[in-house]
Amino acid sequence: MTFRVGPRTNQIIAYTALLIMTVITIFVLFFIIGFILKNGLGQVSLKFLTERTTDMGKAGGIFPSILGTLFVTLLAIIIAAPIGVGSAVYLVEYTKAGFVRRIISFGADCLNGVPSIIFGLFGFIFFVITLNFGWSVLSGGLTLAVMILPTIIRTSEEAIKTVPRAYREISYSLGGGKLDTILKVVLPTALPGILTGVILGIGRAIGETAAVIFTAGSSLGLPTSIFSSTRTLAVHFYILAREGISMPKAYATATVLIIIILLINFIAYRLVHRFIARYY
Amino acid sequence: MKDKIAEKFLMVVAFSAILTLALISFFIFQQGLPLIFKAGLHNIFSTHWAPTRGHFGILSMIVGSIMVTAGALIIGVSFGLACTIFLSEFSSGTIQKTLKPIIELLAGIPSVVYGFMGIVILVPFVRTHFGGPGFSVLTASIILGIMILPTIVSISYDSLRAVPKTYREGSFALGATKWQTVVMLLIPAARSGIIAGIILGMGRAIGETMAVIMIAGNALKIPHSILDSVRTLTSTIALELGYATGDHRAALFACGSFLFIIIVILNIIAIRFKGKE
Amino acid sequence: MAKISIRNLNLFYKNFQALKNINLDVTENEILGIIGPANSGKSSLLRAINRLIELDGATITGEILLDGKNIMELPINDLRRRIGLIFAIPIVLPGSIYKNLTYGPKLHKKLSRRELDDIVYRALNAANLWDEVKDRLKDSAATLSGGQQQRLCIARTLAMEPEVIMMDEPCSGLDPISTAKIEATMLELKKRYTFILVTNNTKQAARVADKTAFFLSGELIEIDRTEKLFTSPREKRTNDYISGRFG
């Protein structure tokens with residue numbers, strides 16, 4: 001005799017299974033954040049943030065890495081943001097569905113899926129070796145710029161698409177040209193969405209290791225120019241953890257990283273919601 | 001006039017994405033392909049990797065990448081789809097609004113942090129409870145599974161949400177339960193998007209580097225069980241690029257070329273599926 | 001001479017002809033009412049006159065003359081400044097009331113703060129909105145009521161100092177009181193401007209228009225003095241439409 005489970009029972013079993021799996025997933029996230037913060041918060045002090053690193057990371061603070069991360073990320077954003085937003089404007093405002101749009105979208109999508117180690121390889125052979133920028137803030141920033149470009153293109157594109165067509169028509173009917181309309185109506189309206197993309201790009205750049213370790217290097221000196229080699233926070237953390245240099249310092253560095261990432265995601269989330277509240 | 005200049009300028013800018021893609025492929029292949037032709041496929045597809053002595057066998061790394069990716073997919077797809085279905089079909093608007101950004105936050109955590117969690121939590125756990133060194137296919141699969149989960153959730157969630165509400169209502173009206181509706185109607189309807197999400201997650205898993213280096217053990221042999229240490233294509237590149245020169249460096253770019261080809265193919269497939277929606 | 005003359009105008013969207021051989025004159029300082037059922041080509045005509053239709057990828061044959069000059073030969077931004085268009089749904093641009101009003105004028109010339117203030121005052125005054133908003137010019141335009149928003153849209157057009165104002169069912173979403181205010185504004189303004197008023201509401205045309213044209217399926221069926229068209233139309237189809245025995 002076979003025992004048949006009715007659809008109601010089936011639904012209850014399925015629901016319970018889905019619930020448990022979702023709870024586990026959420027738990028993993030909170031566990032990671034909680035674990036890092038619990039072990040690291042005690043080690044983070046103003047001194048840790050502002051002191052030079054000594055003894056390969058066993059002692060001292062992370063000031064050079066904070067500065068390095070800041071410079072590399074800033075350079076990446078300065079390059080990627082205008083290009084990304086410009087591409088998105090072109091895609092939405094100037095191309096019709098067809099070959100040109102398809103090829104640009106394809107480029108952005110493909111670039112988005114390229115793993116960071118490939119960007120590392122490319123940055124190493126192109127910026128470091130071929131262009132002879134060496135291991136430097138410049139090479140690292142350029143590599144990261146290429147890496148975060150698709151994120152910025154895609155989010156800006158979505159943001160620009162949600163600007164109501166009527167806004168554009170009003171601007172035209174008031175005698176505005178296309179460029180006036182884009183600069184004075186479309187972009188300001190889409191700004192929160194665009195900023196979200198830029199901020200998510202910053203988050204990706206800060207957390208990145210594989211693409212910067214072979215382009216910006218891992219020097220612990222204070223970066224003084226764009227040609228200085230530097231070690232970003234993520235790279236510093238990687239070296240501390242993998243080479244077992246100092247667990248307390250590793251936890252502390254990870255804490256700083258996690259807090260930055262949490263802040264960035266929070267800001268991006270708030271911006272998205274302001275944007276959505278305005279149009280839906 | 002002003003408008004015309006702006007349009008031309010923006011067009012140049014817009015092609016930068018495809019241009020950099022071309023530049024990347026050019027440099028990776030230019031560095032990697034000559035060695036593949038020089039060494040021959042027979043040499044490349046062996047398990048003997050001693051690149052400073054003319055042996056460029058990357059077979060064990062390819063197998064390693066495949067095993068780790070397959071493991072990651074088992075974890076990532078099952079948990080990813082569970083979260084997606086739970087969020088999209090079994091939870092209220094408020095819960096969706098709270099949980100979605102939390103799951104997206106998983107994507108924001110740097111991969112080195114995942115690797116580190118692997119070292120301090122999962123490796124000792126696997127070592128004591130399952131045996132082996134702890135640095136293993138299993139450990140790497142679990143960590144990678146968590147890492148690719150947000151990719152799978154965000155894409156399949158969107159495609160599930162895109163199924164018209166009338167489908168659900170029609171199904172309920174015929175007396176189907178929610179779960180029956182999910183299995184028989186919604187998943188088939190959102191199939192293309194779900195597959196696209198899984199393929200993109202797969203690309204993430206194959207390409208992930210730092211976390212894998214930290215937890216997979218990096219032993220240069222074909223693993224015989226999921227508790228064995230393993231080395232992937234990406235780990236080899238990252239571990240050796242720092243000091244490699246000459247043919248050795250070229251061999252790493254050859255690994256990169258393989259990886260790049262796989263990723264582009266996966267992306268094209270995913271874009272196709274996404275386009276079908 | 002007519003302010004706007006339309007000669008043998010045909011308008012095509014891909015495979016669909018939206019306007020068929022239209023000939024029409026709009027006299028200066030008058031209100032021309034255009035009535036007709038949905039999809040009769042009324043809105044297409046307005047969008048053709050200020051060349052907004054080009055955004056939709058439509059093609060045109062025949063000519064439209066503004067003061068005797070073919071509009072295709074005028075600079076497009078100048079044309080759109082001279083011929084304002086007010087849409088059915090009042091859509092305010094994001095930003096303050098003040099910003100909405102100065103957006104257009106600032107596109108065309110550099111203006112001092114004083115000149116801008118003056119433009120804002122005159123436009124709001126002419127649109128009968130000044131008293132209601134004078135204390136909140138810096139507030140978001142989205143905080144205004146529907147009727148106020150539509151008058152803000154009219155003011156925004158007036159701020160451009162246009163010669164012709166076209167309105168595409170400007171009162172379709174408004175209550176009777178707001179509608180009455182807008183109609184009063186139009187009657188006042190026609191001393192200085194030329195109006196084209198597209199409306200679904202035949203009574204509105206009867207109330208404010210000097211001449212009225214009846215469109216059906218892209219054709220101009222009849223145009224005449226308003227009181228004549230509404231009392232003794234020449235065409236049976238016009239009579240059917242205005243007496244409500246239609247579609």
Between [X] and chain B, which part of the residue has a heavy atom less than 4.5 Å away: side chain, backbone, both or neither?
{"X": "A/F124", "answer": "side chain"}
{"X": "A/I32", "answer": "both"}
{"X": "A/V235", "answer": "neither"}
{"X": "A/I153", "answer": "side chain"}
{"X": "A/V146", "answer": "side chain"}
{"X": "A/I264", "answer": "neither"}
{"X": "A/I206", "answer": "neither"}
{"X": "A/I36", "answer": "side chain"}
{"X": "A/I12", "answer": "neither"}

Partner set under ring pair (Phe, Tyr, Trp, His ring centres under 6.0 Å) for A/F99, not counting sequence neighbours: none
List in chain and number order the residues that pass ring pair (Phe, Tyr, Trp, His ring centres under 6.0 Å) with B/F116, two or more places apart in sequence or in another chain; answer none if no residue qualifies. A/F237, A/Y251
Please tell me if the side chains of [X] and [Y] come closer than 4.5 Å, counting only heavy atoms from C-beta onward.
{"X": "B/R249", "Y": "A/I129", "result": "yes"}
{"X": "B/M214", "Y": "A/Y238", "result": "yes"}
{"X": "A/M247", "Y": "B/V120", "result": "yes"}
{"X": "B/F79", "Y": "A/V28", "result": "no"}
{"X": "A/L111", "Y": "B/I24", "result": "yes"}
{"X": "A/Y269", "Y": "B/K100", "result": "no"}
{"X": "B/S78", "Y": "A/M21", "result": "yes"}
{"X": "B/N267", "Y": "A/D109", "result": "no"}

Options [options], ranked by heavy-atom pairs under 4.5 Å with chain A, top entry:
{"options": "B/G115, B/A22, B/P101", "answer": "B/P101"}
{"options": "B/L252, B/I121, B/L266", "answer": "B/I121"}
{"options": "B/F15, B/Y114, B/F26", "answer": "B/F15"}
{"options": "B/L81, B/I213, B/V12, B/T234", "answer": "B/I213"}
{"options": "B/I268, B/L23, B/L259", "answer": "B/L23"}
{"options": "B/F90, B/F260, B/F253", "answer": "B/F253"}

What option among [options] has the most heavy-atom pairs under 4.5 Å with chain B?
{"options": "A/L19, A/D180, A/I26, A/L149", "value": "A/L19"}
{"options": "A/I20, A/V114, A/V23", "value": "A/V114"}
{"options": "A/I33, A/L29, A/I182", "value": "A/L29"}
{"options": "A/L257, A/I213, A/I103", "value": "A/I103"}
{"options": "A/F31, A/F122, A/F126, A/F266", "value": "A/F122"}

Separation between [atom1] of [X] and [atom2] of [Y], rounded to the nearest 0.5 Å:
{"X": "A/K178", "Y": "B/L10", "atom1": "NZ", "atom2": "CG", "answer": "10.0 Å"}
{"X": "A/L179", "Y": "B/E7", "atom1": "CG", "atom2": "CD", "answer": "10.5 Å"}
{"X": "A/S116", "Y": "B/M210", "atom1": "OG", "atom2": "CE", "answer": "8.0 Å"}
{"X": "A/I118", "Y": "B/I263", "atom1": "CD1", "atom2": "CD1", "answer": "7.5 Å"}
{"X": "A/N10", "Y": "B/Q180", "atom1": "CG", "atom2": "CD", "answer": "7.0 Å"}

Where is the tightest heavy-atom contact between [X] and [Y], given as atom of each residue plus distance?
{"X": "B/I119", "Y": "A/A241", "answer": "CD1-O, 4.5 Å"}
{"X": "A/C110", "Y": "B/L21", "answer": "CB-CD2, 3.7 Å"}
{"X": "A/G207", "Y": "B/P110", "answer": "O-CB, 3.4 Å"}
{"X": "B/S16", "Y": "A/I83", "answer": "OG-CG2, 3.0 Å"}
{"X": "A/R242", "Y": "B/L239", "answer": "NH2-CD2, 3.4 Å"}
{"X": "B/G256", "Y": "A/L121", "answer": "CA-CD1, 3.8 Å"}

Taking side-chain hydrogen bond (donor to acceptor under 3.5 Å, both in side chains) as the cut-off, I'd like each qualifying pair that reaches into residues 17-33 of chain A, sequence neighbours left out, listed once. none
Answer yes or no: is there a donor N or O on one side and an acceptor on the other, between the side chain of A/Q11 and the main chain of B/W179, under 3.5 Å? yes
Is a side-chain N or O of A/N265 found less than 3.5 angstrom from the main chain of B/L105, in a donor-acceptor match? no
Considering heavy atoms only, which positions within residues 86-96 of chain A lie below 4.5 Å of chain B? A/G86, A/S87, A/V89, A/Y90, A/Y94
Is B/L106 close to chain A through its backbone or its side chain, or both, or neither, when contacts mean heavy atoms under 4.5 Å? both
Please say whether more than 12 non-hydrogen atoms of neighbouring residues, nucleotides or ligands are located less than 6.0 Å from CE in B/M202. no
